[in-house]
Amino acid sequence: MVQLVQLLPGGEETWLCADNDDACKFHPVTVMAFGCFLLAQAPKMSQMSATVSLIFVTCALLVAYFPSANVVPAIAIEALGVVMVAIHVPMLNRKQSYAFMATVALFAAGKILDEEVNVKVLFAAVGVGMLGFRIFLELMTLRAATPTPLIFPIVSHIMPRWAFSDREFFRTDNPPEEVAQKREQAFNELNKHWQGKFPKSIATSSYLADKFSDLRFAAGNRVFIPFQRKLEGWCDPCTVLDHVEGTDLIDVDGHRLTDVSGSYGVNVCGYEEYKRFISEGWDLTKNVGCVLGPLHPLVRENIDMLRQISKKEEVSFHMSGTEAVMAAIRLVRYNTRKKYVVIFGGAYHGWYDGVQSMAGNERVPGDILTLKDMSPASMDVIRLRAHEIAAVMINPLQAFHPNAPPPSDLVLASNTRGASSSTQAYKTWLEQMRETCTRYGITLMFDEVYTGFRLAPGGAQEYFSVEADIVTYGKTLGGGIANGICCGPSHLMRRSDPVKPLRVAYVIGTFAAQPILVGAMNVFLKWVTSPGARNEYNRLRTDVSEWVVDINARLEKEFPETSAPIQIAAYASVWTILYKRPGRYHWMLQYLLKDEGLNLSWVGTGRLSFSLDFKRDDLDKLTEKIVRACHRMENDGWWWYEEQRQPSKMAIQLSLVGEIVRALFKRMISF
């Protein structure tokens with residue numbers, strides 16, 4: 001029979017140690033076979049498995065190519081091989097077990113038929129093929145990947161912190177001197193005005209500044225980096241609340257602020273409704289206090305309503321949206337026995353470091369594939385890697401800004417913000433994703449912590465008419481109480497292995513179904529499933545659509561000479577402010593909007609939202625406040641516009657690059 005090793009470059013002398021066969025305990029062809037196989041499988045291995053495999057291949061290479069040196073005893077490598085088998089074989093799934101048994105049978109047949117060398121060559125060829133396919137998969141993934149997770153860990157360590165001097169602060173776009181002086185005067189006057197207008201809020205914020213890290217983080221990340229230092233101690237944006245009336249917050253200084261922050265997405269129904277949900281929920285559950293473990297009777301009723309809304313078989317209770325996502329990912333990996341979860345560029349899935357592949361996370365997760373939204377290349381990767389993808393997780397909020405992180409004034413270096421003008425293309429993308437996941441046996445997961453009950457009573461599944469396999473909820477679902485919910489089919493919600501009793505998915509939480517939450521959630525669910533609630537959703541969607549058209553037309557009329565400096569864009573009840581002109585001071589608008597009586601979250605004008613209690617009259621009042629703030633931006637010189645001298649977007653970007661380079665140089669020479 002033909003010796004296949006003779007077909008390889010170098011023949012027996014190279015691959016079988018024919019010139020020193022007695023000392024050659026491990027043939028190079030064997031090492032190559034195992035090496036290629038292990039490299040191909042490395043992305044699927046645990047850290048311990050990968051470490052043992054690396055040690056095994058390294059030792060085998062030393063013995064194969066330096067047989068007479070006795071660097072590593074052959075028995076040590078054989079022992080490592082036994083350890084590898086002991087580690088990997090019990091963790092094999094059915095398909096992998098069949099492949100392992102076929103490999104053992106092939107080697108046994110080779111031994112019996114005295115064709116051991118040919119079997120090794122065949123195994124090496126398979127290993128090379130698998131490694132080649134793995135390289136192909138990685139290259140395809142790189143082609144479809146969002147670049148930010150790949151470069152951000154490096155950039156975050158290189159990017160310097162720099163600050164403008166007092167003089168530079170007002171002159172970053174090279175305005176005429178009178179404009180710069182006008183800015184400085186307005187800046188100082190606004191600060192003096194705020195000190196008198198919000199004294200109690202400012203005093204509370206000042207007291208908490210070094211005691212409450214959450215507040216300090218939010219206050220220090222409202223504007224673009226080089227402007228931050230100058231704003232320390234200036235116009236403190238903290239609002240200390242006394243009570244709410246309808247759509248308005250009344251602060252401790254007695255000022256009425258129309259709330260368009262949405263309380264980070266929680267406020268869908270209107271604060272008066274949440275007062276009712278909590279009050280009636282407390283009445284339903286106050287007799288049991290904080291008893292945990294035994295179930296309140298309303299749990300059954302809530303689960304039935306959640307199953308109807310989500311169209312899923314089972315429900316799991318958690319304490320936040322982030323925890324619900326954590327639970328969903330753990331369960332889907334456990335029940336599919338696959339490693340990877342696909343997310344899309346810019347999508348936010350909570351602060352859990354296992355799903356945060358961009359800014360805000362020092363640990364870059366190795367089991368997440370961050371791909372480009374609405375990209376055919378991403379769909380190709382999902383098809384090619386279906387055998388190792390446990391789930392594709394989608395945040396439907398990305399329909400508003402595909403491939404971009406949640407918009408924030410922190411990154412508003414110029415007119416860099418965008419928004420999708422239509423969700424139809426995203427709907428088509430979701431339909432294609434649903435079809436692909438079904439065909440290739442991949443779990444489709446909707447993270448509806450924000451969009452659930454905001455886009456529609458049935459969330460994004462209803463809004464886009466696309467059904468996911470697993471859905472996570474949070475925020476508003478608790479009726480004003482912290483919560484997280486995971487809904488899915490029974491085969492994906494299972495937490496124990498029917499065959500392996502020690503293999504368990506530990507997903508649980510102390511306050512997951514606390515009585516007050518169960519009560520408030522019950523009142524909310526009964527409201528959101530009522531015909532009256534659906535009418536309110538339809539009414540607000542119509543009102544917001546008409547308001548967007550009206551306010552954009554009004555802004556054009558208000559600025560006839562220079563055209564409107566901003567544009568409003570909306571996605572159901574979520575909206576944002578887009579900046580049409582290049583400029584470096586757009587972040588200032590958030591402060592003037594608050595001074596005009598609006599409450600914004602710490603992301604400023606990036607993400608705002610309406611609650612269902614906003615009526616057309618409220619929207620018209622909001623228009624007046626926005627228009628007044630825009631005129632102040634213009635009059636105070638922040639939106640200075642002179643056609644011949646106004647810097648372009650490209651000029652601002654080049655100026656920004658220059659500032660970063662200078663800051664880097666200063667940091668280098670300061671060491």
Side-chain angles (χ1 to χ4, degrees), residues 260-270 273 305-306 308-312 321 324-325 344 346-350 373-374 393-402 404 406-407 419-431 433-434 444-468 470-479 483-485 487 524-525 527-548 568-576 606-614 619:
V260 289
S261 73
S263 286
Y264 305 112
V266 172
N267 184 18
V268 170
C269 311
E273 284 294 310
M305 287 188 281
L306 285 166
Q308 182 180 4
I309 291 169
S310 67
K311 302 177 183 178
K312 303 294 173 281
V325 169
F344 294 96
Y348 182 70
H349 298 286
D373 231 336
M374 302 177 69
M393 181 165 60
I394 289 174
N395 182 345
L397 199 56
Q398 289 302 104
F400 200 24
H401 43 80
S420 176
S421 59
S422 171
T423 58
Q424 183 57 45
Y426 199 79
K427 172 178 168 61
T428 302
W429 164 254
L430 291 181
E431 291 170 345
M433 187 62 70
R434 173 69 278 176
L444 179 60
M445 187 188 308
F446 278 4
D447 175 0
E448 291 226 52
V449 171
Y450 197 105
T451 58
F453 308 102
R454 177 164 289 282
L455 296 183
Q461 290 192 113
E462 177 187 328
Y463 188 86
F464 290 107
S465 300
V466 176
E467 188 172 335
I470 291 180
V471 184
T472 59
Y473 299 109
K475 296 194 184 289
T476 194
L477 175 55
N483 74 102
I485 299 292
C487 303
F524 168 80
L525 286 170
W527 173 84
V528 83
T529 53
S530 68
R534 185 167 293 278
N535 292 337
E536 284 298 296
Y537 276 92
N538 293 335
R539 192 264 317 156
L540 181 64
R541 190 178 297 124
T542 301
D543 284 352
V544 171
S545 296
E546 293 175 352
W547 174 75
V548 168
I568 306 297
Y571 168 37
S573 61
V574 184
W575 57 289
T576 190
R607 178 173 292 166
L608 310 109
S609 58
F610 294 120
S611 48
L612 291 169
D613 56 344
F614 269 82
L619 297 176

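- A side-chain donor-acceptor contact under 3.5 Å links K427 to the backbone of F464.
- Between M433 atom CE and L444 atom CG the span is 7.5 Å, to the nearest 0.5 Å.
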Verify salt bridge (Lys or Arg N to Asp or Glu O under 4.0 Å) between E467 and K312, making sure each step is shown before the conclusion.
CA-CA 10 Å; E467 188 172 335; K312 303 294 173 281; 3.5 Å; yes
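- Annotation for P396 and E448: closest pair CG-CG, 4.5 Å, computed over non-hydrogen atoms.
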How far apart are the C-alpha atoms of D373 and Y426, what are their side-chain angles, what is the distance that settles it, and do they pass the side-chain contact (heavy atoms from CB on, under 4.5 Å) test?
CA-CA 9 Å; D373 231 336; Y426 199 79; 3.9 Å; yes
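- For T476 against C269, the heavy-atom pair with the smallest separation is OG1-SG, 4.4 Å.
- With sequence neighbours excluded, no residue forms a side chain to side chain contact (heavy atoms under 4.5 Å, CB included) with Q308.
- When atom types are taken as modelled, the side chain of R539 and the backbone of L612 share a donor-acceptor pair closer than 3.5 angstrom.
- Using a 4.0 Å cut-off between charged side-chain N and carboxylate O, R434 and E431 make no salt bridge.
- Between the side chain of T576 and the backbone N or O of G606 there is at least one donor-acceptor pair closer than 3.5 Å.
- Annotation: F453 is in aromatic contact with F524 [ring centroid separation under 6.0 Å].
- Take F400 and apply the ring pair (Phe, Tyr, Trp, His ring centres under 6.0 Å) test, not counting sequence neighbours, and it matches Y571.
- Nearest heavy-atom pair, L455 versus A572, reported as atom, atom and distance to 0.1 Å: CD2-CB, 3.7 Å.
- The main-chain N or O of Q424 is found under 3.5 Å from a side-chain atom of T428 such that the two form a donor-acceptor pair.
- Salt-bridge formation is not detected for the pair E546/R541: no Lys NZ or Arg NE/NH1/NH2 atom is positioned less than 4.0 Å from an Asp or Glu carboxylate oxygen.
- Put simply, the side chain of N395 never gets that close to the backbone of Q398: no donor and acceptor are under 3.5 Å apart.
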